[in-house]
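Before any comments, here is the structure.
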Amino acid sequence: MTNSPDLDPRPVLLEARDVVVHYGRIRALHGVSLKVHEGELVTLLGSNGAGKTTMMRAISGLRPLTSGSVWFEGRDITKVKAHRRVVEGLIQAPEGRGVFPGMTVVENLEMGCYGRKFASKAEHKERLDWVLETFPRLAERRSQVGGTLSGGEQQMLAIGRALMARPKVLLLDEPSMGLAPMVISQIFRIIADINAQGTTVLLVEQNAQQALTRSDRAYILETGEITRTGNARELLADDSIRAAYLGVA
Ligand SMILES: Nc1ncnc2c1ncn2[C@@H]1O[C@H](COP(=O)(O)OP(=O)(O)OP(=O)(O)O)[C@@H](O)[C@H]1O
Ligand SMILES: [Mg+2]
């Protein structure tokens, strides 16, 4: 157990250095730095409007940086276009409920490979099988069209589709949003499982209990600044964190 990410012997896979992002004249991120080591599950925790989505967009290349940089496997990717980051399998972020409503579950999953090259058909099928095994609920509904899935199933489909591209880092922006408590714990179990099977995950959440329980480390983001970082379990046990994010005085 360590509080300092630098004591982690695993290589740093993803790093943001002093990221500043503006919306017009409003500065949404004031110099945010974070690191994700290979194999880690890291949470960026913050309340509404803290800048979590902005940070994810900066990392995935969807929002330009005013200053600062984003690094991947030791390479500065700040100038690499968002779609290149996906095609190269660096980073993949599922688009919330951006499920294609008229396409079946399997067709939706196939869309996740768009632009990505698989070595062989067999490798491609292996990936599809793995995603369907990870989400048995989707396997049962493989021929059902996306638009008729429940909210939780659509969230699973969005994550499954992102995984089809075999990303080295999976970025998840509030996967628990709008879901019932039972579905939320199911989604978090699956995320922990995906991570345990080798995919590095950077998770954005407001659900402190679930996210911190499942994570290795966490960063607390408040109005565009990182105010705390450390071991996730230690942060979960911290009184000020509990008061702020769990409503426990
Ligand atoms: N397109 C935009 N134009 C102007 N301001 C924006 C835009 N998008 C976000 N902001 C502002 O930037 C700040 C951070 O927003 P962001 O969406 O990153 O927060 P968040 O932490 O993801 O919040 P939530 O938990 O509600 O999703 C907020 O004050 C928000 O109003
Ligand atoms: Mg957000």
Side-chain angles (χ1 to χ4, degrees), residues 14-36 41-70 77-78 81-83 85-86 91-99 151-152 154-159 161-162 167 169-181 183-185 187-188 191 201-215 217-230 232 235-236 240-248:
L14 178 68
E15 183 176 0
R17 293 187 193 160
D18 295 319
V19 169
V20 175
V21 172
H22 281 81
Y23 291 109
R25 288 156 77 175
I26 297 168
R27 194 158 75 153
L29 298 177
H30 304 289
V32 175
S33 298
L34 59 81
K35 280 181 188 176
V36 183
L41 201 176
V42 173
T43 289
L44 182 62
L45 188 70
S47 335
N48 288 124
K52 303 181 299 296
T53 297
T54 304
M55 189 59 191
M56 290 305 225
R57 292 175 66 80
I59 290 172
S60 52
L62 295 170
R63 185 79 210 167
L65 279 58
T66 308
S67 61
S69 54
V70 179
I77 61 161
T78 314
K81 296 253 187 302
H83 77 274
R85 298 184 202 195
V86 175
I91 284 164
Q92 182 67 277
E95 288 172 41
R97 300 286 155 76
V99 156
Q154 291 194 25
Q155 183 62 268
M156 292 177 198
L157 184 52
I159 297 172
R161 191 172 58 193
V169 174
L170 181 64
L171 304 180
L172 295 171
D173 190 346
E174 298 203 50
S176 73
M177 189 157 63
L179 303 179
V183 185
I184 290 176
S185 35
I187 294 265
F188 276 101
I191 293 167
V201 181
L202 177 59
L203 176 68
V204 152
E205 263 300 334
Q206 297 194 49
N207 189 323
Q209 180 72 44
Q210 286 279 351
L212 294 181
T213 303
R214 300 286 181 182
S215 298
R217 287 186 305 112
Y219 293 85
I220 312 290
L221 185 68
E222 289 177 22
T223 51
E225 272 174 292
I226 302 285
T227 52
R228 294 279 300 274
T229 180
L235 289 173
L236 186 57
S240 61
I241 304 276
R242 297 183 71 79
Y245 296 96
L246 296 168
V248 184

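Remember, it's 1-based here, ligands and their atoms both numbered in the order they're listed.
In the vicinity of Thr54, heavy-atom distances shorter than 4.0 Å reach the ligand 1 atoms 14 (C), 15 (O), 16 (P), 18 (O). Each of the following atoms of ligand 1 lies closer than 4.0 Å to a heavy atom of Thr53: 17 (O), 18 (O), 20 (P), 22 (O), 27 (O). For ligand 1, the atoms lying closer than 4.0 Å to a non-hydrogen atom of Gln206 are 25 (O). Distances below 4.0 Å separate heavy atoms of Gly51 from the following atoms of ligand 1: 14 (C), 16 (P), 18 (O), 19 (O), 20 (P), 21 (O).
Excluding waters, the set of protein N, O or S atoms lying under 2.8 Å from the Mg ion (ligand 2) comprises Thr53 OG1.
Put simply, the side chain of Val42 does not reach to within 4.5 Å of the side chain of Leu34, judged on heavy atoms. In this structure, Asn207 and Ile184 have side chains that are in contact, with non-hydrogen atoms separated by less than 4.5 Å. With a 4.5 Å cut-off on side-chain heavy atoms, Leu41 and Ile191 count as touching.
Between the side chain of Lys35 and the backbone N or O of Glu15, no donor-acceptor pair lies under 3.5 Å. No side-chain donor-acceptor contact under 3.5 Å links Arg214 to the backbone of Thr43. Judged by distance alone, the side chain of Arg85 and the main-chain N or O of Ile77 form a donor-acceptor pair under 3.5 Å. A side-chain donor-acceptor contact under 3.5 Å links Thr78 to the backbone of Val70. Under the 3.5 Å distance criterion, the side-chain polar atoms of Arg228 are left unmatched by any main-chain donor or acceptor of Ala218.
Given atom 4 (C) of ligand 1, the protein heavy atom at minimum distance is Tyr23 CB, 3.3 Å. The nearest protein atom to atom 25 (O) of ligand 1, hydrogens excluded, is given as Lys52 NZ, 2.6 Å; this is a heavy-atom distance. Closest protein heavy atom to atom 26 (O) of ligand 1: Asn48 ND2, 2.9 Å.
Residue Ala28 places no N or O, backbone or side chain, under 3.5 Å from any N or O of ligand 1.
Checking atom 7 (C) of ligand 1 against the protein gives a heavy-atom contact under 4.0 Å. Counting only heavy atoms, the protein never gets under 4.0 Å from atom 31 (O) of ligand 1.
A donor-acceptor contact under 3.5 angstrom links the side chains of His30 and Arg27, judged on distance only. Side-chain atoms of Tyr219 and Ser33 form no donor-acceptor pair, as typed in the model, at a separation below 3.5 Å. Side chain to side chain, Ser176 and Glu205 meet the donor-acceptor criterion of an N or O pair below 3.5 Å.
Looking at Ala50, Gly49, Gly46, Ala58, it is Gly49 that brings a heavy atom closest to atom 13 (C) of ligand 1. The closest non-hydrogen atom to atom 27 (O) of ligand 1, taken over Glu174, Glu222, Arg25, Arg63, comes from Glu174.
Ligand 1 has at least one atom lying under 4.0 Å from a heavy atom of Ser47.
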* Where do Val32 and Leu221 land on the side-chain contact (heavy atoms from CB on, under 4.5 Å) test, with the steps shown first? -> CA-CA 9 Å; Val32 175; Leu221 185 68; 3.9 Å; yes
